[in-house]
Amino acid sequence: IFFFKQKTAYEMLRSLVGSEMCIRDRYTGIKAKELGIVGWVKNSRQNTVVGSAQGTLDKLNLFKSWLEKEGSPKSQIKKLQLRNVKKLDVLEYKAFTQRN
């Protein structure tokens with residue numbers, strides 16, 4: 001069976017409640033690790049969440065669906081933008097991290 005790896009950059013515009021605005025999206029990291037996705041996530045100055053995700057196509061599709069439809073508790077996803085979607089021969093990251 002052949003599994004190809006894919007790279008996806010993403011940005012989520014969301015509404016946040018209370019202290020959720022002040023913390024990095026730890027729930028994205030938890031979900032990524034649960035699915036075996038590697039890459040990174042961080043809150044941007046534009047009040048969005050940005051990141052890069054890499055993994056097998058089936059796992060990335062599950063991750064994208066979660067990002068678009070569910071996301072972290074107390075947030076409402078208004079828009080999900082995917083960029084730079086491409087196939088990879090080798091993963092560029094070894095883990096999923098939260099960046100400052």
Side-chain angles (χ1 to χ4, degrees):
I1 298 175
F2 176 72
F3 294 99
F4 69 88
K5 296 168 179 63
Q6 186 174 358
K7 175 180 182 175
T8 302
Y10 59 89
E11 182 171 9
M12 293 181 288
L13 176 61
R14 62 190 190 160
S15 297
L16 298 170
V17 177
S19 64
E20 288 289 314
M21 292 183 74
C22 300
I23 60 172
R24 284 184 292 281
D25 195 335
R26 69 178 179 265
Y27 294 100
T28 301
I30 291 168
K31 188 64 172 182
K33 289 173 185 174
E34 177 183 304
L35 292 172
I37 300 292
V38 298
W40 56 269
V41 64
K42 75 174 187 174
N43 287 345
S44 74
R45 291 185 178 141
Q46 291 75 31
N47 212 15
T48 64
V49 175
V50 296
S52 180
Q54 299 176 6
T56 60
L57 182 60
D58 61 332
K59 298 296 185 178
L60 279 173
N61 284 336
L62 290 171
F63 187 59
K64 289 183 239 180
S65 179
W66 181 85
L67 287 172
E68 188 171 40
K69 297 176 182 163
E70 192 173 339
S72 63
K74 300 181 184 178
S75 70
Q76 179 183 15
I77 308 303
K78 292 183 177 179
K79 183 178 180 181
L80 175 66
Q81 288 184 319
L82 301 177
R83 295 189 204 103
N84 302 326
V85 178
K86 62 182 177 180
K87 293 180 183 178
L88 297 173
D89 293 325
V90 178
L91 295 175
E92 299 169 330
Y93 303 100
K94 293 183 179 189
F96 198 90
T97 61
Q98 293 180 350
R99 292 186 175 179
N100 294 326

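Quick note: residue numbers are just sequence positions, from 1. None of these values were measured; they are calculated from a predicted model.
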Q: Kindly compute the distance separating CD (E34) from CZ (F63), expressed to the nearest 0.5 Å.
A: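 Nearest 0.5 Å value for the CD-CZ distance: 10.5 Å.
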Q: Do K42 and V50 come close enough that some side-chain heavy atom pair is under 4.5 Å?
A: yes
Q: If you measure from CG on L88 to OG1 on T56, what distance do you get to the nearest 0.5 Å?
A: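 Those atoms lie 12.0 Å apart.
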Q: Indicate the atoms forming the closest heavy-atom contact of A53 with L60, along with that distance.
A: CB-CD2, 3.8 Å
Q: Mind checking what makes salt bridge (charged side-chain N to carboxylate O under 4.0 Å, His left out) contact with K59, not counting sequence neighbours?
A: none
Q: Once rounded to the nearest 0.5 Å, what's the spacing between atom CD of Q98 and atom CD1 of I30?
A: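 The distance works out to 8.0 Å.
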Q: Taking all non-hydrogen atoms of both residues, which atom of V41 and which atom of F96 are closest, and how far apart?
A: CG1-CE2, 3.6 Å
Q: At their closest point, which heavy atom of S52 faces which heavy atom of Y93, and how far apart are they?
A: OG-CE1, 4.1 Å
Q: Taking atom NZ of K31 and atom CD1 of I37, what is their separation to the nearest 0.5 Å?
A: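 K31 NZ to I37 CD1: 10.5 Å, rounded to 0.5 Å.
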Q: Please list, chain by chain and in numerical order, all residues satisfying salt bridge (charged side-chain N to carboxylate O under 4.0 Å, His left out) with E70, sequence neighbours excluded.
A: none
Q: Looking at CD of Q54 and NZ of K94, how far apart are the two atoms once the value is rounded to the nearest 0.5 Å?
A: 13.0 Å
